[in-house]
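Structure, as structure tokens:
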Amino acid sequence: MSGALTGLPRLESAGLDGWMVRLFSRIDEANLPWLTALTRRCEAAFGDALVDLVPSYTTLLVVFDPLRLSPDEAQRRLQGLIADLVPDDAGADGAIHELPTWYDERVGPDLPRVAEHSGLSVEEVIACHSATEYRVFALGFAPGFAFMGLLDERLEVPRLDTPRQRVPVNSVAIAGRQTAAYPAVTPGGWNLLGRTTARLFDRDREGFSLLAVGDRVRFVPVDRETFEARGGDVTPMEAG
Amino acid sequence: MNRMRSPEGAFGFRVERAGPLALLQDAGRFGVRRLGVTQGGPADLHGWAWANYLAGNPWGSAALEVTFGGLTLVAERDLTFAVAGADLGATLDGAQLPLWQRVRCREGQRLAFASPLNGLRAYLAVAGGFVAEQVLGSVACVVREGLGGFDGRGGKLAEGERLGVGEPAADVATLTTAPYEARLDYRATARLALLPGAQSADFTGTSLYRAFNMAWRVDDRADRMGVRLTGPRLACRIESLISEGIGLGAVQVPPDGQPIALLNDRQTIGGYPRLGALTPLAASRLAQCLPGQEVHLIAASREQALEEHRRFRTVFAG
């Protein structure tokens, strides 16, 4: 790992029951196989003492039971894991998902704003957003909410000044260099481009969340007819 | 998922008045944070653990977290239970209910929580524990995520709803009343142990001095996600980070310089710099503070914190 100049990787205290393993200083697809490898090694090395793992763009938060494994011992184990870490290329490809998406102003009210901001036409915004294969960098904010990137630089638009109180479920959205789809109705400040038919979080499904860290995602434009036929909700924003 | 239906006769209480917020909480939901699912569980681990222990339940049993009060339950049969944590002016058939001890009631008796007298959250544990269907390995009720609780969907209690209870454990705790030192006075100024870490070195020296030497006030923006503290403005050399995992008790400082201590229902990842993390028991203590109360942040060592946590958990072991 190339971290000599930044002091990475390093361990930071995250309370009595946690260590933050900081591996990288910037968001990069190339981080994923390292994070995957560390996640798997932690599961093996901590066993029953492992309480939770929270991977994100550049870090892995390791939460353990301090009564089963002292914070000092947990630190030593993590130092050992990091010392000879090799990227897990087996999992580097990630599962591939295609999310059928109806891009339309009625369900993606920020299409004009994004177009104006980027200097592209609405059609070009849609083409640009659906052309990229995104990687899932982290899940958070809400169950099954996947932060994906990196978005084409031309579509980089700031969040809304005032977040919406209720973003409809399955809304496809962008903010900064990231994109996401809302698994549930929540408040949200991202720019809405359309709506997908994918079931993003389903507690009756094995694994619960459709998307996992490291997965590859492509948004596939569909017309309204196809969207409806696949069970998509066409209720416009105003009525929601 | 269908609503849990306890077999006839296994109901413990009927809800006569739901009150503002009463949530079913077991130890919490674990191993699922990589899915973006939060921890849940009791905001005050101390009160929850004592209520379960005194009711004769093993660690991790589901108890009812009653916030603020306003809840009235009617016993559907003879029951053994305990209420610990906050004093919400609870009564049994109109008579003051003794807290921090095992209580027996008869079918038809009315258990009512009024309003906060000391602390904010009371824990009602019934012998055998409340039962509901597990969702992602836990019955912990997280309203925002629509997970857990008696209906499995994070729903609030409804009037007329009947609450299922399990079979009491054969081995009941030897203590039927909590020792004096366990009965915390939540009105006193809280001294909250904080383990420095994360980005603490990125705060200015003045800010670090103020953080640990000046009084903080609990803001009214406080819930199970987090508690905002108001006081001196803390300055950090970094305004935001690439989002990363957030542990229980993490104290994050947004650009306005006013810290937020994150509790059980926090979002799983976040991007504000952090001063460190409250110990689990300090986070519990903060969860019992009412808006306007004064608290102090005390820098603690890992050794001290671990020792304190061990002492606490030893009581409930076995």
Side-chain angles (χ1 to χ4, degrees), chain A residues 11-22 24-27 31 35 39 43 50-63 65-67 70-72 74-75 137-147 178 183-187 200-201 203-204 207-213, chain B residues 1 27-39 135-136 142 144-147 152-153 193-201 241-251 267-271 274 276-283 300 302-306 308-310 312-314 317:
Chain A
L11 293 178
E12 296 168 3
S13 169
L16 183 61
D17 60 355
W19 286 102
M20 181 71 77
V21 188
R22 190 173 302 285
F24 303 100
S25 58
R26 61 188 191 90
I27 298 174
N31 300 354
L35 287 160
T39 300
E43 283 166 347
L50 187 67
V51 170
D52 231 319
L53 290 168
V54 196
S56 191
Y57 301 92
T58 57
T59 53
L60 178 69
L61 174 63
V62 181
V63 185
D65 180 348
L67 299 183
S70 75
D72 290 349
Q75 183 181 30
F137 288 110
L139 267 72
F141 175 64
F145 188 100
F147 292 84
Q178 307 201 73
V185 177
T186 58
L200 298 157
F201 192 83
R203 49 214 197 145
D204 296 329
F208 312 110
S209 174
L210 177 66
L211 307 175
V213 170
Chain B
M1 203 164 292
R29 200 164 271 118
F30 299 103
V32 288
R33 268 187 266 170
R34 73 185 83 176
L35 309 176
V37 174
T38 195
Q39 173 177 345
V135 182
L136 278 59
V142 179
R144 172 170 53 87
E145 294 183 342
L147 298 177
R153 300 197 162 272
L194 185 150
L195 300 177
Q199 291 75 37
S200 54
L241 312 162
I242 297 168
S243 284
E244 57 190 44
I246 312 173
L248 177 72
V251 177
Q267 291 179 4
T268 54
I269 62 174
R274 295 183 302 278
L278 298 179
T279 64
L281 291 174
R302 260 206 310 281
E303 292 71 26
Q304 286 172 313
L306 185 59
E308 181 196 37
H309 199 69
R310 277 211 177 104
F312 164 68
R313 284 295 300 271
T314 300

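Sequence lines set the chain letters: A, B, ... in the order given, protein chains first and strands last, and positions in each chain run from 1.
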> Should the ring pair A/Phe141 and A/Phe145 be called parallel, tilted or perpendicular, given that the plane angle runs from 0 to 90° and is split at 30 and 60?
Replying inline: perpendicular

Given that the side chain runs from C-beta out, which part of [X] has a heavy atom under 4.5 Å from chain B: side chain, backbone, both or neither?
| X | result |
| --- | --- |
| A/Leu61 | side chain |
| A/Val51 | both |
| A/Gln178 | neither |
| A/Thr39 | side chain |
| A/Ala138 | side chain |
| A/Leu67 | side chain |
| A/Phe147 | side chain |

Where do [X] and [Y] come nearest, in terms of heavy atoms and distance?
| X | Y | answer |
| --- | --- | --- |
| B/Gly270 | B/Ile246 | N-CD1, 3.4 Å |
| B/Gly152 | A/Arg203 | O-NH1, 2.7 Å |
| B/Leu194 | B/Gly276 | CD2-CA, 4.1 Å |
| B/Arg33 | A/Val54 | CB-CG2, 4.0 Å |
| A/Val62 | A/Val21 | CG2-CG2, 4.1 Å |

>> Out of A/Ala142, A/Ala14, A/Gly18, return the one with the most heavy atom pairs under 4.5 angstrom to chain B.
In response: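 Top count of heavy-atom pairs under 4.5 Å with chain B: A/Ala142.
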
> Using a cut-off of under 4.5 Å for heavy-atom pairs, which of A/Leu211, A/Leu50, A/Thr59 has the most such pairs with chain B?
Replying inline: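 Among the listed options, the one with the most contacts to chain B is A/Thr59.
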
So which residue, [options], ends up with the most heavy-atom pairs under 4.5 Å with chain A?
| options | value |
| --- | --- |
| B/Leu35, B/Thr268, B/Val37, B/Ile269 | B/Leu35 |
| B/Leu195, B/Thr38, B/Ile242 | B/Ile242 |
| B/Gly197, B/Ala193, B/Gly245 | B/Gly245 |

For the atom pair [atom1] ([X]) and [atom2] ([Y]), what is the distance rounded to the nearest 0.5 Å?
| X | Y | atom1 | atom2 | value |
| --- | --- | --- | --- | --- |
| A/Trp19 | A/Ser13 | CH2 | OG | 5.0 Å |
| B/Arg313 | A/Asp65 | CZ | CG | 6.5 Å |
| A/Ser209 | B/Arg34 | OG | CZ | 11.5 Å |

Given a strict heavy-atom distance threshold of 4.5 Å, which part of [X] is in contact with chain A: side chain, backbone, both, or neither?
| X | value |
| --- | --- |
| B/Pro196 | backbone |
| B/Leu278 | neither |
| B/Ala305 | both |
| B/Glu303 | side chain |
| B/Thr279 | neither |

>> Between B/Glu145 and B/Arg29, does any side-chain N to carboxylate O distance fall below 4.0 Å?
In response: no

> Donor-acceptor pair, A/Asn31 side chain versus A/Tyr57 backbone, under 3.5 Å?
Replying inline: yes

